[in-house]
Structure formats: C-alpha cells, structure tokens
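One structure is given here, and the rest of the page talks about it.
Treat the numbers as computed from the prediction; the structure is a model and nothing was measured. Chain letters run A, B, ... following the sequence lines, proteins first and then strands; every chain starts at 1.
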Amino acid sequence: MKQKQLVAQAIVDATEGQLSLDEVMSKIEVPKTYDLGDYAFPTFILAKLYHKAPQQIAPELVEKISGDAFDKVQAVGPYVNFFIDKKAFSHNILNQILDQKEAFGQQDLGHGGNVPIDMSSPNIAKPMSMGHLRSTVIGNSLAELLKKANYNPIKINHLGDWGTQFGKLIEAYKLWGSEEEVRQDPINTLLKYYVHFHQVDEEHPELDDEARAWFKKLEDGDKEATELWQWFRDESLKFFKSIYAKLGIEFDSYNGESFYNDKMDEIVSILEDKNLLQESRGAEIVDLEKYGLNPALIKKTDGTTLYITRDLAAALYRFRTYDFVKSLYVVGNEQTNHFKQLKAVLKEMGYDWSDDIHHIQFGLITSGGKKLSTRKGNIILLEDVLNDAVDLAKKQIAEKNPDLPNKDQVAEEVGVGAVIFHDLKNDRLNNFDFNLEEVVRFEGETGPYVQYSHARAMSILRKAGQIDLENADIAGLQDEGSWEVVRQLANFPAMIKRAVEEYEPSVITKYAIQLSKSFNKYYAHTKVLTDDAEKNSRLAMVASVAAVLKESLRLLGVKAPDEM
RNA sequence: GCGCUUGUAGCUCAGCAGGAUAGAGCAACCGCCUCCUAAGCGGUAGGUCAUCGGUUCAAUUCCGAUCAAGCGCACCA
C-alpha cells in the first residue's frame with residue numbers, strides 16, 4: 001500500500017500536478033506478468049490533456065521520474081512500469097511479519113462494534129446436511145475475519161426449533177412412533193417419521209389439519225406437546241453438538257426460534273399501534289406493496305405465528321441486547337425475499353437500523369441436479385461426508401507418511417479441513433452440485449494442498465534448528481522466486497480487508513492457494529537450508545509463509561498441522 | 001407471468017470496483033525424488049469470455065435487449 005502511494009506520488013510529480021493523487025491511485029494497476037514490473041500506470045487519461053499519443057507520453061514521464069526509490073522505471077507502450085526495490089521491500093515485510101506473527105494483517109475496521117451473526121441454524125429432529133455446512137462454515141469464517149478487523153462477532157445458532165413442522169412431527173410420532181425406537185437412534189428415527197408423514201400426507205391431506213392442531217397446542221403450552229417437543233429438541237441438540245465439535249466450531253448463543261415465543265406479542269402490538277396490520281383472507285398481514293414485495297404474513301388464520309414474526313422478534317431482541325453495528329444472517333439465497341420483507345417491515349415500524357441488517361446469501365447445493373429436500377428424503381448427511389473425508393485422509397497418511405505421529409488427529413484435521421475449505425473456496429453465490437470425490441480431493445487447489453505447504457515450511461524450520469530469527473539480520477531477498485512469495489505475503493492485510501468488506505471468505509481461500517503455489521514453486525527451485533549469506537533471509541521468508549498460511553487457515557476454520 | 005441469481009477451456013471455477021498476449025485446478029498426454037515431506041514441481045494440448053446492440057481512446061468487466069439454467073412468488077422455514 002505504501003509502495004503504491006510512492007508510485008502514485010511519482011506520477012503526480014512527473015505530471016506537475018495535472019492529476020490528483022487520488023486520481024492516479026485509482027488508475028494504478030498491478031501488471032499480469034513479472035517482467036512488466038510491480039505497478040503500472042496507463043497514460044491514456046493524459047492523452048487528451050497533452051494532445052499526444054499515450055505511447056509517446058509514457059517515455060516522457062519516465063524521463064521526469066527519479067529512479068531512486070525504485071529498482072527500475074520503464075515505459076512499455078502506453079504504460080509506465082515500476083519495479084520496486086525488492087531487497088528493501090522484502091526486508092521490511094519479513095521483519096514486520098516476524099515481529100507481529102499471527103497479529104499480522106490485523107486492522108481496526110470495526111472499532112469493537114458488535115455484530116451478531118445468525119448462522120448454521122439446523123432444524124430440530126432433522127439431520128444436518130451439506131446445506132447446513134455452508135451457513136455454519138461461512139458464518140464461522142466471517143466471525144473470525146470480523147474479529148481480525150476489530151469487530152465483536154456474536155455467533156448465534158438460530159435453531160429451527162419451532163413451527164408447524166413440530167405439529168407434523170408430533171402427529172407422526174403419535175400415529176406411528178415408539179418411544180423405544182426413538183431412544184435408540186433419535187435423529188434417524190424422527191426423520192423417518194417425518195418423511196413418512198409427508199408420504200401419507202399426499203393422499204390424506206387431513207393430516208395437515210391434525211398437525212396444525214398439535215402446533216397450536218404447543219404454542220398454547222399444552223403439557224404433552226411441550227414434553228415431546230422438549231425431548232426431541234434435547235436429543236437433536238446433543239447430536240448437533242457432536243458435529244460442531246468435529247468442525248471445531250462453537251456458538252455464543254443457541255437461542256432458536258422458540259426463544260422468541262414470548263416476544264412476539266410485543267411485535268404484534270407494535271404493528272397494531274402503528275396501524276400496519278391488516279386483515280386479509282382471514283390472516284393478519286403487513287402490506288409491502290410500496291416496496292414491490294408480497295405482504296408479510298404475521299399471523300395465520302388459526303392465530304399461530306410464522307417464521308417472519310419470530311424473525312422480527314429476534315431482530316428487535318438482538319438490537320436491544322447487542323446494540324449492533326451490523327446484524328448478519330448467513331442464510332441461503334432462496335430466502336432472499338424473506339429478508340427483504342423482514343427489513344421492509346422493520347423499516348415500516350420506524351427502525352432505521354434495519355439498514356444494518358445484511359442477508360449474507362449463498363448458493364444452493366444440489367444432488368444430481370436436484371434440490372436437497374429433507375421431506376423427500378433427498379439429503380446428503382454432513383456426518384457421512386466428514387467421516388468419508390477423514391477415512392480418506394487416513395488412507396493417504398498410511399500411504400505417504402506411515403511414521404507420522406498422532407495420525408488420527410492429523411487425519412481428522414486434514415479430512416475435515418478439506419471439506420470446509422472446499423465449501424469456502426468459491427464465491428458464496430455459486431450453486432454447486434454435490435460431488436463427493438471433489439469435496440474430499442486432496443490434490444490441486446484444495447485445503448490439504450495449503451496444509452501441506454504449511455507442513456513443508458514447518459519441516460524446514462524444524463531442520464534449521466534453533467535460530468533466533470527475530471534478532472538475526474534479515475537483509476531481504478531479490479530473486480524472482482522469492483519475490484513472488486514476498487509480494488503475496490505483503491498482500492495479506494489487503495485481502496482481509498476485502499474479505500470483511502465483501503463478507504466473502506473465498507477471498508482468503510483463494511489467497512491461501514496463491515501463496516501456497518508461489519511457495520511450492522520456490523521450494524522446488526531453491527534449497528533453503530544452504531549455508532550462505534542469504535540463509536537467514538530465506539528462513540525468515542519460510543517462517544513468514546508458515547505464519548501467514550496458518551493464520552489464513554485459522555480464519556477459515558481449518559487446522560494447520562505441523563506435519564502431515 | 002413477475003422478482004432475484006447465474007452463463008468464461010471437456011469438467012469445476014479465477015479474473016482484484018474497464019486497460020497491455022483471457023488465467024488456475026481437475027481430467028488427457030509427457031517429464032522431474034543420490035537434494036529441506038512427489039498431498040509437490042515443470043511441460044504439451046484445450047477458449048467466437050451465451051447472443052445481439054450501446055457507452056468508452058479501451059469492454060470478459062459497465063448499460064439494455066434476447067436466449068438458457070437455478071431459486072423464489074401469503075397461511076413451510
């Protein structure tokens with residue numbers, strides 16, 4: 001960043017103030033290839049000003065720039081290319097990383113502001129599928145990134161523990177369930193009832209009425225309904241927590257939908273007070289015509305509540321409890337309309353903080369091109385995928401590094417890491433069709449590739465023995481291979497900023513791959529542990545790579561084993 | 001029908017808030033372990049950036065239309 005400003009200033013000086021620093025800064029770019037330098041300024045905008053061809057302007061600018069601050073300044077066609085002083089630059093950046101360690105890249109974007117993140121939110125009595133993984137893993141990474149940028153994230157697991165579905169589940173249990181069967185295998189058994197309910201329901205729609213009646217009882221506090229609900233919820237949560245443990249993810253709150261049960265009356269009365277509620281077809285709605293949205297259904301004909309009513313209560317509760325600067329919802333893009341409605345209703349209620357609510361949407365995972373559906377039994381169990389990945393990692397270790405200590409732990413870290421990394425690799429919004437082989441792939445642009453790069457770096461440092469790098473003379477490096485690595489390292493803080501601003505963990509995933517690539521390339525061509533004058537600088541670079549890779553992985557929620 | 005999202009190599013995707021010959025990974029083919037972990041490195045091959053228009057000195061990138069795909073469109077979440 002400082003370097004870029006230096007370049008911009010040089011251009012401003014050379015043009016004798018014809019362009020402002022900001023103008024120049026916005027035009028400066030990074031050339032695609034190494035031989036074109038580190039920064040480039042295209043002279044097209046000067047063509048009109050000078051009434052000359054850009055190709056002619058570029059060399060004239062070069063004449064006026066003093067080369068002291070740079071290795072080289074060169075005109076190539078219409079571009080002025082800058083080669084920065086590699087040795088001085090790498091000296092600075094390596095010392096900075098060695099000094100700051102894992103704090104490198106930390107910055108104050110958030111001033112400590114609270115940011116509740118609604119994430120994961122699986123439904124009680126249903127297994128977790130690959131769909132839940134996305135929300136969980138994206139939310140977790142955003143939390144780490146926000147923390148790094150000095151926000152205070154609050155991870156909220158907004159459990160789907162309320163709604164008509166429980167009426168269905170209770171009805172199904174009453175019809176076909178057995179207590180013993182549920183005790184033995186809670187989730188799968190409950191799921192079985194639920195799927196069965198929907199099958200039978202196709203031909204006997206009257207079951208829906210029964211289910212609605214049960215949910216009504218539940219909302220009214222009926223003893224039997226509440227006990228069953230509590231039981232299902234406890235069993236489910238036990239199971240979910242085992243998966244979160246595997247993923248290494250913890251939550252600050254498990255307040256799910258049921259938590260807002262007693263907080264909805266207030267919402268309804270506020271809506272009434274502000275004359276926002278209307279009756280329509282026997283239900284209570286808020287008209288959102290002026291937002292170009294469908295009306296928000298606040299209460300059903302039978303008086304029970306809906307998803308949005310609870311989300312309104314939750315939004316208000318979070319605002320009061322956390323006084324947030326932003327409130328995030330990591331939820332699939334099929335719910336885009338819901339969040340538009342939510343924000344619109346809050347706006348109508350006079351809460352201007354509704355602008356601070358952001359729906360962090362993500363693409364759909366399909367299987368065989370079809371949407372995953374718990375009801376239709378078309379699901380991919382997260383548990384299975386994680387287990388498959390860990391098994392595969394075990395096989396790889398047996399094959400490639402049979403003498404590795406704590407094999408099981410490493411297999412866990414690599415297998416689970418591969419799955420998480422894969423989910424965070426692409427743009428959030430992309431849909432993807434689930435393909436097990438791809439998810440548990442360990443070669444190419446994958447999590448294990450990054451972990452492996454880190455392990456290699458650690459291995460060199462181990463072999464280097466006890467060297468006090470912090471006090472050693474790190475003169476800097478200037479060869480082409482290390483330069484690629486160094487400029488990647490220097491990019492880390494900017495990447496964090498971008499990832500936070502765009503709520504996009506994939507920025508970090510891609511960055512980690514790029515850094516790994518340049519490091520592996522370097523590794524293949526340069527022997528680090530050669531005794532010469534630059535050895536300390538090389539080791540400093542290796543230590544920096546290890547630190548930044550480990551930190552990148554941490555921000556993604558992936559472990560970085562020292563050996564694998 | 002309306003709204004949102006997407007359309008780049010056989011497959012999966014990058015392309016940094018328009019710029020210099022469009023990049024990776026996988027799959028295919030060919031090389032590289034007497035040398036810090038070959039989960040690696042290098043090479044070959046593979047593209048009318050969906051189509052048509054517009055803005056601009058410059059468009060894969062911005063705008064519009066068309067076509068195609070996915071998701072959503074009140075008593076599920």
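Annotation: C29(B) and A65(B) have their P atoms spaced 47 Å apart (nearest Å). Across C62(B) and A20(B), the matching P atoms stand 15 Å from one another, rounded to whole Å. Rounded to the nearest Å, the gap between the P atom of G23(B) and that of U48(B) is 15 Å. Taking the C1' atom of each, U66(B) and A24(B) are spaced 32 Å apart, rounded to whole Å. Using atom P as the reference point in both A38(B) and C32(B), the two lie 16 Å apart (nearest Å). C49(B) sits 13 Å from A14(B) when the C1' atoms are compared, rounded to a whole Å. Between G25(B) and C67(B), the distance separating the two C1' atoms is 30 Å to the nearest Å. The P atoms of U37(B) and C30(B) are separated by 29 Å, rounded to the nearest whole Å.
When each of G15(B), G72(B), C13(B) is scored by its nearest atom to the side-chain atoms of Phe432(A), the top-ranked nucleotide is C13(B). Between A20(B), U5(B), C76(B), one nucleotide has an atom nearer to the side chain of Lys300(A) than all others, and that is C76(B). Counting only heavy atoms from C-beta on, Ile397(A) has its side chain closest to A39(B) among A39(B), A20(B), C41(B). The side chain of Leu297(A) approaches C75(B) more closely than any other nucleotide in the set U37(B), A20(B), C75(B). Looking at the side chain of Ile285(A), the nearest of the listed nucleotides A74(B), U5(B), U37(B) is A74(B). Which of U37(B), A77(B), A74(B) sits closest to the side chain of Glu257(A) comes down to A77(B). Candidate nucleotides G42(B), G72(B), C76(B) were compared by shortest atom distance to the side chain of Lys521(A), and G42(B) ranks first. Closest to the Asn337(A) side chain, of the nucleotides G72(B), A74(B), A39(B), is G72(B). Listed nucleotides: U21(B), C75(B), A77(B). Nearest to the side chain of Gln335(A): A77(B). Taking only side-chain atoms of Leu306(A), from C-beta outward, the nucleotide of A77(B), A39(B), C13(B) with the closest atom is A77(B).
Whole-Å rounding puts the Phe339(A) CZ to U5(B) C1' distance at 16 Å.
Residue contacts shown for Glu29(A) include a base, since a base heavy atom lies under 4.0 Å away. Nucleic acid contact for Tyr307(A): base, since at least one base atom lies under 4.0 Å from a heavy atom of the residue. At the heavy-atom level, Ala464(A) lies nowhere under 4.0 Å from the strands shown. Residue Arg310(A) is classed as a sugar-phosphate contact, given heavy-atom separations below 4.0 Å to backbone atoms only. Looking at heavy-atom distances under 4.0 Å, Lys48(A) makes contact with sugar-phosphate atoms alone, never a base. Residue contacts for Lys425(A): at a heavy-atom cut-off of 4.0 Å it reaches no nucleic acid atom on any strand shown. Using a 4.0 Å heavy-atom distance criterion, Thr164(A) is classed as a sugar-phosphate-only contact. Looking at heavy-atom distances under 4.0 Å, Asp427(A) makes contact with sugar-phosphate atoms alone, never a base. At the heavy-atom level, Gly160(A) lies nowhere under 4.0 Å from the strands shown. Base contact: Val414(A) has a heavy atom under 4.0 Å from a base atom. No contact: Lys168(A) has no heavy atom under 4.0 Å from any strand. The residue Lys510(A) sits close only to the backbone: its heavy atoms come under 4.0 Å of sugar-phosphate atoms, none of a base. Ala283(A) comes within 4.0 angstrom of a nucleotide base, judged by non-hydrogen atoms across all strands. When heavy atoms are screened at a 4.0 angstrom cut-off, Pro31(A) is found touching base atoms of the nucleic acid.
For C33(B), the O4'-C1' to base torsion is within 90° of 0; the nucleotide is therefore syn.
If you take CD1 on Ile496(A) and CG on Leu145(A), they are separated by 7.0 Å, rounding to the nearest 0.5 Å. Between the OG1 atom in Thr509(A) and the CD1 atom in Ile513(A) there is a gap of 7.0 Å [rounded to 0.5 Å]. Taking CH2 from Trp162(A) and OG1 from Thr305(A), the interatomic distance works out to 8.5 Å, rounded to the nearest 0.5 Å. The CD atom of Glu334(A) sits 9.5 Å away from atom CD of Gln361(A), with the distance rounded to the nearest 0.5 Å. For the atom pair Leu36(A) CG and Gln74(A) CD, the distance stands at 8.5 Å (nearest 0.5 Å). The line from CE of Met25(A) to NZ of Lys4(A) is 5.0 Å long, rounded to the nearest 0.5 Å.
By the 6.0 Å and 45° rule, Arg456(A) stacks over the aromatic ring of Tyr523(A).
Each of Lys32(A) and Gly282(A) lies near RNA chain B, and the nucleotide nearest Lys32(A) is the one positioned closer to the 5' end. With RNA chain B read from its 5' end, the first of the two nearest nucleotides for Glu502(A) and Thr336(A) is the one closest to Thr336(A).
For A20(B), the base has a donor-acceptor partner in the side chain of Asn81(A) [N/O atoms by modelled type, under 3.5 angstrom]. Side-chain to base pairing of Ser280(A) with A74(B): one donor and one acceptor N or O lie within less than 3.5 Å of each other.
Between Lys497(A) and Glu501(A) there is a salt bridge, since a side-chain N of the basic residue sits under 4.0 Å from a carboxylate O of the acidic one. We find that Lys510(A) and Glu445(A) are not joined by a salt bridge, their nearest charged nitrogen and carboxylate oxygen being 4.0 Å or further apart.
OP1 or OP2 of A14(B) sits under 4.0 Å from a side-chain N or O of Asn430(A). Applying the 4.0 Å criterion to OP1 and OP2 of G72(B), one finds that Lys340(A) has every side-chain N and O outside that range.
By the 4.5 Å heavy-atom criterion applied to side chains, Ile460(A) and Arg538(A) are not counted as neighbours.
With respect to Lys168(A), the side-chain contact (heavy atoms from CB on, under 4.5 Å) criterion is satisfied by exactly one of Phe197(A), Trp214(A), Phe215(A): Phe197(A).
The nucleotide C52(B) finds its pairing partner in G64(B), both defining distances of the Watson-Crick or G-U wobble pair being shorter than 3.5 Å.
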Can you give me the N/O atom pairs linking the protein to nucleotides 26-36 of chain B at distances under 3.5 Å, or say none if there are none?
unit_1 : atom_1 : unit_2    : atom_2 : d
C26(B) : O2'    : Arg441(A) : NH1    : 3.3
C26(B) : O2'    : Arg441(A) : NH2    : 3.3
C35(B) : O2'    : Lys527(A) : NZ     : 2.8
C36(B) : O4'    : Lys527(A) : NZ     : 3.3
C36(B) : O3'    : Lys463(A) : NZ     : 3.1
C36(B) : O2     : Leu529(A) : N      : 3.3
C36(B) : N3     : Val528(A) : N      : 3.0
C36(B) : N4     : Tyr523(A) : O      : 2.7
C36(B) : N4     : Thr526(A) : O      : 2.2

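Ring-centre distance between Phe240(A) and His132(A): not below the 6.0 Å cut-off.
Thr304(A) and Asp302(A) are linked by a side-chain donor-acceptor pair at a separation below 3.5 angstrom, with hydrogens and angles left out of the test.
Of the residues in residues 210-217 of chain A, those with a non-hydrogen atom less than 4.0 angstrom from any atom of RNA chain B are Arg212(A).
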